[in-house]
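Below is one structure, written out as structure tokens; comments come after it.
Because the structure is a prediction, the values reported are computed rather than measured.
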Amino acid sequence: MCNLYSMTMPLDAMRHMFDFEPDRAGVGNLEPLRAIWPKNEAPIVLIDDGDRELVRASWGFLTPNKSKKTGKWLKPKPWNNTRDDKVRSAPLWRDSFETRRCLVPATAYAEATGRNPATYHWANCHLALKSENASVPKIFGTLN
């Protein structure tokens with residue numbers, strides 16, 4: 001997956017799409033999020049006691065990072081991708097894969113080309129529905 005996406009769908013539209021009660025939206029006043037990077041907070045959909053819930057969560061797993069030279073603790077490393085053949089066996093991912101899955105709604109994502117500086121190419125995720133005058137965002141299945 002890319003390292004940059006956006007979520008600009010209104011809260012009422014998300015409530016209708018994911019079918020959760022208004023009191024199960026723990027995101028406050030959800031403003032459009034035009035650039036969501038790893039370590040940023042964004043809305044996700046969880047199942048809690050059998051009911052869907054929309055909450056904010058930080059993107060990525062933070063793991064301790066210690067300098068090999070000095071032995072001092074450094075800024076935690078974020079991890080946000082795994083290979084499908086490692087998700088069931090690697091200790092970092094295993095528990096989340098088995099017990100903590102969620103959905104991440106996105107209205108667009110960007111893929112980078114080049115470095116220093118990178119150029120981002122945005123792709124719109126909306127699919128027009130023939131039966132309604134509406135659109136459906138892309139939904140990423142992920143771990144939380």
Side-chain angles (χ1 to χ4, degrees), residues 1-20 22-48 52-144:
M1 185 183 150
C2 61
N3 281 324
L4 175 60
Y5 73 99
S6 70
M7 181 57 214
T8 58
M9 187 179 201
L11 181 58
D12 286 339
M14 278 196 279
R15 186 177 298 131
H16 176 72
M17 180 178 181
F18 293 108
D19 192 30
F20 57 86
D23 65 331
R24 304 291 287 185
V27 293
N29 184 16
L30 186 63
E31 297 294 324
L33 301 168
R34 301 198 187 288
I36 304 167
W37 297 90
K39 297 194 277 184
N40 288 162
E41 283 194 353
I44 63 170
V45 179
L46 302 172
I47 300 279
D48 184 33
R52 289 189 186 116
E53 178 177 32
L54 186 72
V55 299
R56 286 182 190 263
S58 176
W59 178 14
F61 289 72
L62 296 178
T63 57
N65 189 17
K66 196 180 237 186
S67 170
K68 291 180 181 174
K69 282 186 173 183
T70 66
K72 292 184 180 179
W73 289 104
L74 305 172
K75 187 176 178 181
K77 272 179 118 172
W79 295 80
N80 62 308
N81 285 326
T82 185
R83 294 179 7 188
D84 65 346
D85 62 333
K86 300 289 184 189
V87 73
R88 289 184 178 107
S89 59
L92 178 65
W93 307 107
R94 187 175 42 239
D95 179 57
S96 291
F97 179 75
E98 293 171 358
T99 63
R100 300 183 341 194
R101 298 184 195 191
C102 66
L103 299 175
V104 178
T107 51
Y109 67 93
E111 291 291 346
T113 57
R115 291 183 181 260
N116 299 328
T119 302
Y120 290 92
H121 304 277
W122 284 91
N124 192 340
C125 296
H126 284 125
L127 303 171
L129 298 177
K130 293 180 181 179
S131 61
E132 303 174 25
N133 186 13
S135 59
V136 178
K138 184 171 186 97
I139 301 166
F140 299 104
T142 189
L143 312 174
N144 73 338

Any chance you could measure Y5, atom OH, to N40, atom CG, to the nearest 0.5 Å? 8.5 Å

Within this structure, what is the CD1-CD distance for the pair I47 and E53, rounded to the nearest 0.5 Å? 10.0 Å

If we ignore hydrogens and angles and just use 3.5 Å, is the side chain of R94 paired with the main-chain N or O of S89 as donor and acceptor? yes

Quick check against the 3.5 Å criterion: does T107 have a side-chain atom that pairs as donor or acceptor with the backbone of T8? yes

Is the shortest heavy-atom distance from the side chain of W37 to the side chain of K39 under 4.5 Å? no

Taking the side chain as C-beta and beyond, is there a heavy-atom pair between K75 and N65 under 4.5 Å? no

Any side-chain heavy-atom pair of L54 and L11 under 4.5 Å: yes

If you count heavy atoms of other groups shown closer than 6.0 angstrom to CZ of R88, is the number above 12? no

So which heavy atom on E41 is nearest to which on L33, and how close? O-CD1, 4.2 Å

Non-hydrogen side-chain atoms of V104 and W59 separated by less than 4.5 Å: no

Sole candidate of N80, N81, L4 that passes side chain to side chain contact (heavy atoms under 4.5 Å, CB included) when paired with P38: N80

Looking at side-chain heavy atoms only, is the closest gap between M14 and L30 below 4.5 Å? yes

Minimum side-chain heavy-atom gap D48-R24 below 4.5 Å: yes

On a heavy-atom basis, the closest approach of F97 and R101 is O-NE, 2.7 Å

Nearest-0.5 Å distance that lies between atom NE2 in H121 and atom OG1 in T113: 3.0 Å

For W79 and L92, which heavy atoms make the closest approach, and how far apart are they? CG-CD2, 3.8 Å

Between P43 and M7, which heavy-atom pair has the shortest distance, and what is it? CG-CG, 4.0 Å

Taking atom CD1 of I36 and atom OG of S6, what is their separation to the nearest 0.5 Å? 6.5 Å

Test side-chain contact (heavy atoms from CB on, under 4.5 Å) on F20 and R15 and set out the steps. CA-CA 6 Å; F20 57 86; R15 186 177 298 131; 3.9 Å; yes

